Amino acid sequence: MISYICKVLFVAIIEISILWGISSYFEFDIITILFLGSAFLALFAFMIGASGDFFTKRAEMGVFRLMAGAYTPKHEKITLRVGPFLVGSILSLILSFILAYI
């Protein structure tokens, strides 16, 4: 459990430092960049951790059409793997909300 928390904090610190570097390089507002970057990365982490979603079903349908009906599509359940990348992105998104209202 401690290693998971350390990984989450490491991801959040790296993400915040990259977004801070982007905001200082391009001279944008740190809160805006932190919110938009964290939201984008949280969405990206969600898409990486999810299976059985819209994109998987479209890929299976493409294989079905390519093989002229010889492929039977799998109907897998929708699952979400909650990893350190997703939790760290959500943590930095929460931090952006906290910093915006301070």
Side-chain angles (χ1 to χ4, degrees):
M1 184 69 179
I2 293 176
S3 68
Y4 184 78
I5 292 172
C6 290
K7 289 176 187 175
V8 166
L9 290 176
F10 179 72
V11 167
I13 290 170
I14 293 297
E15 185 175 315
I16 290 168
S17 64
I18 288 172
L19 293 172
W20 178 75
I22 290 172
S23 71
S24 35
Y25 181 75
F26 291 111
E27 297 177 0
F28 290 138
D29 185 29
I30 182 70
I31 303 297
T32 305
I33 294 296
L34 187 61
F35 172 73
L36 292 175
S38 297
F40 173 74
L41 289 172
L43 181 65
F44 181 70
F46 180 78
M47 290 177 64
I48 287 175
S51 67
D53 56 348
F54 173 73
F55 299 110
T56 306
K57 293 188 187 298
R58 284 194 53 131
E60 288 181 3
M61 188 55 102
V63 170
F64 179 73
R65 287 182 182 153
L66 183 68
M67 297 182 74
Y71 175 77
T72 55
K74 300 179 287 186
H75 295 290
E76 60 185 46
K77 294 180 181 177
I78 296 174
T79 57
L80 176 65
R81 188 179 67 86
V82 181
F85 183 50
L86 179 62
V87 176
S89 297
I90 292 172
L91 185 67
S92 64
L93 185 64
I94 291 170
L95 180 71
S96 73
F97 281 116
I98 292 172
L99 288 176
Y101 289 109
I102 288 184

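Nothing here was measured: the structure is a model prediction, and the numbers come from that model. Below, all heavy atoms of this structure are taken into account, side chains as well, without hydrogens, waters or symmetry copies.
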Distance-only criterion, 3.5 Å: show the donor-acceptor pairs between side-chain atoms of residues 95-102 and protein atoms not counting sequence neighbours.
residue: S96; atom: OG; partner: L93; partner atom: O; Å: 2.6

Atom [atom1] in [X], atom [atom2] in [Y]: separation rounded to 0.5 Å?
X: I48; Y: L41; atom1: CD1; atom2: CG; value: 9.5 Å
X: L36; Y: S23; atom1: CG; atom2: OG; value: 11.5 Å
X: F85; Y: E15; atom1: CZ; atom2: CD; value: 6.5 Å
X: S24; Y: L19; atom1: OG; atom2: CG; value: 10.5 Å

Should [X] and [Y] be counted in the same cluster of Ile, Leu, Val, Met, Phe, Trp and Tyr side chains packed under 4.5 Å apart?
X: I14; Y: F40; result: no
X: I5; Y: I90; result: yes
X: F44; Y: I16; result: no
X: I31; Y: I13; result: no

Shortest non-hydrogen contact between A12 and G88, atoms and distance: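 Heavy atoms of A12 and G88 come nearest at CB-O, 3.9 Å.
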S92 and S89: which non-hydrogen atoms are nearest, and at how many Å?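 Shortest heavy-atom contact: OG-O, 2.9 Å.
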For V8, enumerate each residue passing the side-chain contact (heavy atoms from CB on, under 4.5 Å) test, keeping only those at least two apart in sequence or located in another chain.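 Here the qualifying residues are Y4, P84, V87, L91.
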Applying ring pair (Phe, Tyr, Trp, His ring centres under 6.0 Å) as the test, list every pair that has at least one member in residues 7-28; sequence neighbours left out. none
